[in-house]
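Let me begin by presenting the structure, written as structure tokens, before commenting on it.
Predicted, not measured: the structure shown is a model, and the values here were computed from it.
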Amino acid sequence: MAEAGTGFLEQLKSCIVWSWTYLWTLWFFIMLFLVYILRVPLKINDNLTTVSMFLNTLTPKFYVALTGTSSLISGLILIFEWWYFRKYGTSFIEQVSVSHLRPLLGGVDSSAPSAASAAGGDADSSRQSVSECKVWRNPLNLFRGAEYNRYTWVTGREPLTYYDMNLSAQDHQTFFTCDTDHLRPADAIMQKAWRERNPQARISAAHEALELNECATAYILLAEEEATTIVEAEKLFKQALKAGEGCYRRSQQLQHHGAQYEAQHRRDTNVLVYIKRRLAMCARKLGRTREAVKMMRDLMKEFPLLSMFNIHENLLEALLELQAYADVQAVLAKYDDISLPKSATICYTAALLKARAVSDKFSPEAASRRGLSTAEMNAVEAIHRAVEFNPHVPKYLLEMKSLILPPEHILKRGDSEAIAYAFFHLQHWKRVEGALNLLHCTWEGTFRMIPYPLEKGHLFYPYPICTETADRELLPSFHEVSVYPKKELPFFILFTAGLCSFTAMLALLTHQFPELMGVFAKAFLSTLFAPLNFVMEKVESILPSSLWHQLTRI
């Protein structure tokens with residue numbers, strides 16, 4: 001019985017909403033018909049005649065004053081609307097319509113954020129300072145010889161920019177060299193090799209270093225740039241691991257003997273971590289995902305302080321491939337902390353896990369009728385959080401933009417990070433049924449929630465305006481760089497601007513040509529009312545004269 005009563009109330013509510021939405025048109029025509037029938041008792045014809053006589057007596061000065069006043073009023077409205085939009089990011093007229101008129105018509109705006117959440121976002125934004133456009137090493141960067149060069153052989157295009165490769169050269173000099181390299185001939189050769197711009201010169205120098213000694217960094221260079229397959233790269237990295245472990249053990253025993261030994265030990269640690277990480281990535285690329293996960297976990301336990309390498313992002317991608325979602329959640333619980341820097345991998349993986357709980361049964365039509373459940377609201381909020389952090393990712397996940405090979409360096413919250421994330425994680429979103437559909441239905445709502453994205457932040461600090469310039473240097477020239485979605489001007493601002501311009505033009509023309517504009521105004525009004533007069537004549541000719549006489553006497 002309760003279900004039947006609830007169903008009846010829902011039907012009654014839908015009927016009322018339908019009546020508010022559609023029956024006003026019928027009501028308008030009924031009132032218009034009644035006014036026409038009662039035109040004799042109401043003396044409408046006499047009033048119209050009086051009005052027409054009054055309009056004929058008006059001088060051109062009246063029309064000049066009228067159009068000038070209309071132009072002034074519309075201009076003031078335009079200025080106010082523009083000021084309100086610049087301050088709050090929305091149209092005042094639109095805001096009033098949505099807030100006060102739409103509820104009366106039965107609509108509910110579920111996309112507007114609450115005042116408390118907006119206040120919290122402003123407070124969080126005020127606490128955080130705007131970071132510079134810092135470039136980070138891509139945690140999932142590809143192999144130059146086995147992947148980037150293969151792309152060049154097939155397409156003839158260079159996937160890496162000079163700026164990106166120069167950053168990599170600086171990274172290699174920072175992590176793979178130290179001040180004591182001149183004491184070991186092989187390391188001295190490699191110190192020069194990392195500075196070489198010519199790839200063949202670097203490869204030749206690496207072979208020359210190996211002729212003198214088993215040099216770990218020489219094997220790294222050959223694995224990265226000379227190996228044409230992942231299998232070859234893995235073999236070279238295994239040889240590098242053997243040489244690197246020996247250097248690491250020797251420097252570990254001497255690290256406290258002086259600053260030079262400390263720097264050498266730091267370099268050997270970086271080399272060892274790099275080799276083990278690339279070996280894990282080789283295993284992941286060759287399909288040995290469980291082995292790769294074990295290697296990454298061991299590496300994170302052995303070197304817990306080297307968070308700069310972001311090895312957890314490699315681990316998250318491998319766990320998603322295994323569909324080990326509980327393990328993914330455990331990793332996120334550790335690294336998705338308020339005090340730690342965020343990334344697209346962190347934010348979008350968290351959104352994927354929340355979307356996975358509801359996406360298979362999510363329907364936008366059903367959600368609009370019954371509202372969002374708690375789980376669906378959590379998923380939508382997670383998607384909004386991810387999109388606010390990096391707004392470029394959804395277009396790649398939804399395949400609205402074509403993917404390219406990710407660069408070796410990325411700019412967080414930029415297009416380069418979006419490409420790097422989507423390149424490896426698109427398959428994981430496709431694997432979760434309905435996840436991309438939920439993303440498609442909800443991601444654009446983020447920009448309606450943030451008052452003015454480039455000036456304020458809701459969950460993060462304001463979006464950096466320098467990302468586009470940095471991305472253009474990181475990404476190849478044949479790629480169209482994605483820019484931050486700009487908030488479009490509301491309709492009422494465009495309408496007011498057009499109205500102001502139109503009335504100003506009428507005022508100017510009326511002032512210059514008053515008589516001609518008066519003739520034009522009368523012709524325009526007669527043309528405007530011509531269809532109505534035609535319809536009335538047809539109604540009088542169709543209806544019987546006796547019936548029409550009785551109706552006019554009511």
Side-chain angles (χ1 to χ4, degrees), residues 137 139-150 168-169 171-178 180-181 183-196 198-253 264-300 302-303 306 309 311 314 318 408:
R137 182 80 177 177
L140 296 168
N141 66 303
L142 305 178
F143 294 84
R144 283 194 189 179
E147 293 172 307
Y148 287 121
N149 287 347
R150 188 176 296 276
S168 297
D171 292 339
H172 296 153
Q173 294 175 49
T174 302
F175 292 116
F176 298 155
T177 63
C178 66
T180 61
D181 283 345
L183 301 176
R184 294 182 289 188
D187 290 333
I189 294 175
M190 289 306 301
Q191 192 174 36
K192 296 179 182 179
W194 295 121
R195 297 193 183 99
E196 286 286 348
N198 189 346
Q200 292 301 323
R202 290 197 298 270
I203 292 173
S204 300
H207 283 292
E208 182 181 351
L210 287 176
E211 293 176 358
L212 299 176
N213 193 8
E214 289 290 312
C215 182
T217 55
Y219 283 120
I220 290 176
L221 193 149
L222 295 178
E224 291 285 350
E225 301 192 28
E226 187 182 42
T228 56
T229 63
I230 301 298
V231 175
E232 294 178 10
E234 186 180 35
K235 291 180 180 178
L236 289 169
F237 273 120
K238 287 181 178 179
Q239 293 176 284
L241 178 62
K242 183 178 180 181
E245 286 179 336
C247 293
Y248 176 77
R249 285 192 296 268
R250 288 191 296 270
S251 64
Q252 190 176 27
Q253 297 173 357
Q264 185 175 335
H265 176 67
R266 191 183 307 114
R267 189 276 306 270
D268 292 338
T269 302
N270 292 334
V271 170
L272 185 62
V273 171
Y274 186 90
I275 293 171
K276 289 187 175 183
R277 178 186 191 153
R278 295 304 259 178
L279 278 173
M281 294 176 70
C282 287
R284 166 69 183 91
K285 292 175 183 292
L286 294 174
R288 306 195 307 271
T289 310
R290 295 187 182 277
E291 178 185 345
V293 168
K294 183 179 183 304
M295 295 171 69
M296 293 173 193
R297 289 188 185 277
D298 293 341
L299 185 58
M300 293 169 66
E302 187 177 358
F303 302 98
L306 294 180
F309 291 103
I311 303 174
N314 300 84
E408 292 184 339

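Counting only heavy atoms from C-beta outward, the side chains of Glu226 and Glu232 never approach each other to under 4.5 Å. Contact check for Leu221 versus Trp194: side-chain heavy atoms found under the 4.5 Å cut-off. Counting heavy atoms from C-beta outward, Glu147 and Ile230 have side chains that approach closer than 4.5 Å. Side chains of Lys235 and Lys238 form no contact here, defined as non-hydrogen atoms less than 4.5 Å apart. A 4.5 Å side-chain heavy-atom check between Asn314 and Met300 finds every atom pair outside the cut-off. Under the 4.5 Å side-chain criterion, counting only non-hydrogen atoms from C-beta, Met281 is in contact with Arg277. Using a 4.5 Å cut-off on side-chain heavy atoms (C-beta onward), Ser168 and Arg144 make contact. Between Thr177 and Lys192 the shortest side-chain heavy-atom distance does not fall below 4.5 Å.
Applying the ring-ring contact (aromatic ring centres under 6.0 Å, His included) test to pairs two or more places apart or on separate chains, none has a residue in residues 199-231. Sorted by first and then second residue, the pairs that involve residues 198-219 and meet salt bridge (charged side-chain N to carboxylate O under 4.0 Å, His left out), not counting sequence neighbours, are Arg202-Glu225.
Here the SG atom belonging to Cys178 is positioned 12.0 Å from the NE2 atom belonging to His265, to the nearest 0.5 angstrom. A distance of 9.5 Å separates CZ of Arg249 from CG of Leu272, quoted to the nearest 0.5 Å. From Ile220, atom CD1 reaches atom CD1 of Ile275 across 4.0 Å, with rounding to the nearest 0.5 Å. With values rounded to the nearest 0.5 angstrom, Leu142 atom CG is found 10.0 Å from Glu224 atom CD. Interatomic distance, CZ of Phe143 versus CD of Glu234, reported as 9.0 Å (0.5 Å rounding). Interatomic distance, Leu241 CG to Leu236 CG, rounded to the nearest 0.5 Å: 12.5 Å.
When every heavy atom of Met295 is checked against every heavy atom of Lys276, the shortest pair comes out as CE-O, 4.1 Å. Heavy-atom minimum distance, Ala292 versus Ala283: CB-CB, 4.1 Å. Between Arg184 and Cys247, the shortest heavy-atom distance links the atoms NH1-SG, 4.4 Å. Pairing each heavy atom of Ala318 with each of Val293, the nearest pair is CB-CG2, 3.6 Å. For Cys215 against Met190, the heavy-atom pair with the smallest separation is SG-CG, 3.8 Å. Closest of all the heavy-atom pairs between Ala201 and Glu196 is CB-OE1, 3.8 Å.
Scored by the side chain to side chain contact (heavy atoms under 4.5 Å, CB included) test, Asp171 finds Arg137, Phe175, His409 as partners (sequence neighbours excluded).
With hydrogens and angles ignored, the 3.5 Å screen pairs a side-chain donor or acceptor of Arg150 with a backbone N or O of Ala146. Checking side-chain atoms of Asn270 against main-chain N and O of Arg266 turns up a donor-acceptor pair under 3.5 Å.
Ring geometry for Tyr274 against Phe176 counts as perpendicular: the plane angle is over 60°, on a 0 to 90° scale with 30° as the lower cut.
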Run the side-chain contact (heavy atoms from CB on, under 4.5 Å) check on Val231 and Leu286 step by step: do they pass? CA-CA 8 Å; Val231 175; Leu286 294 174; 4.0 Å; yes
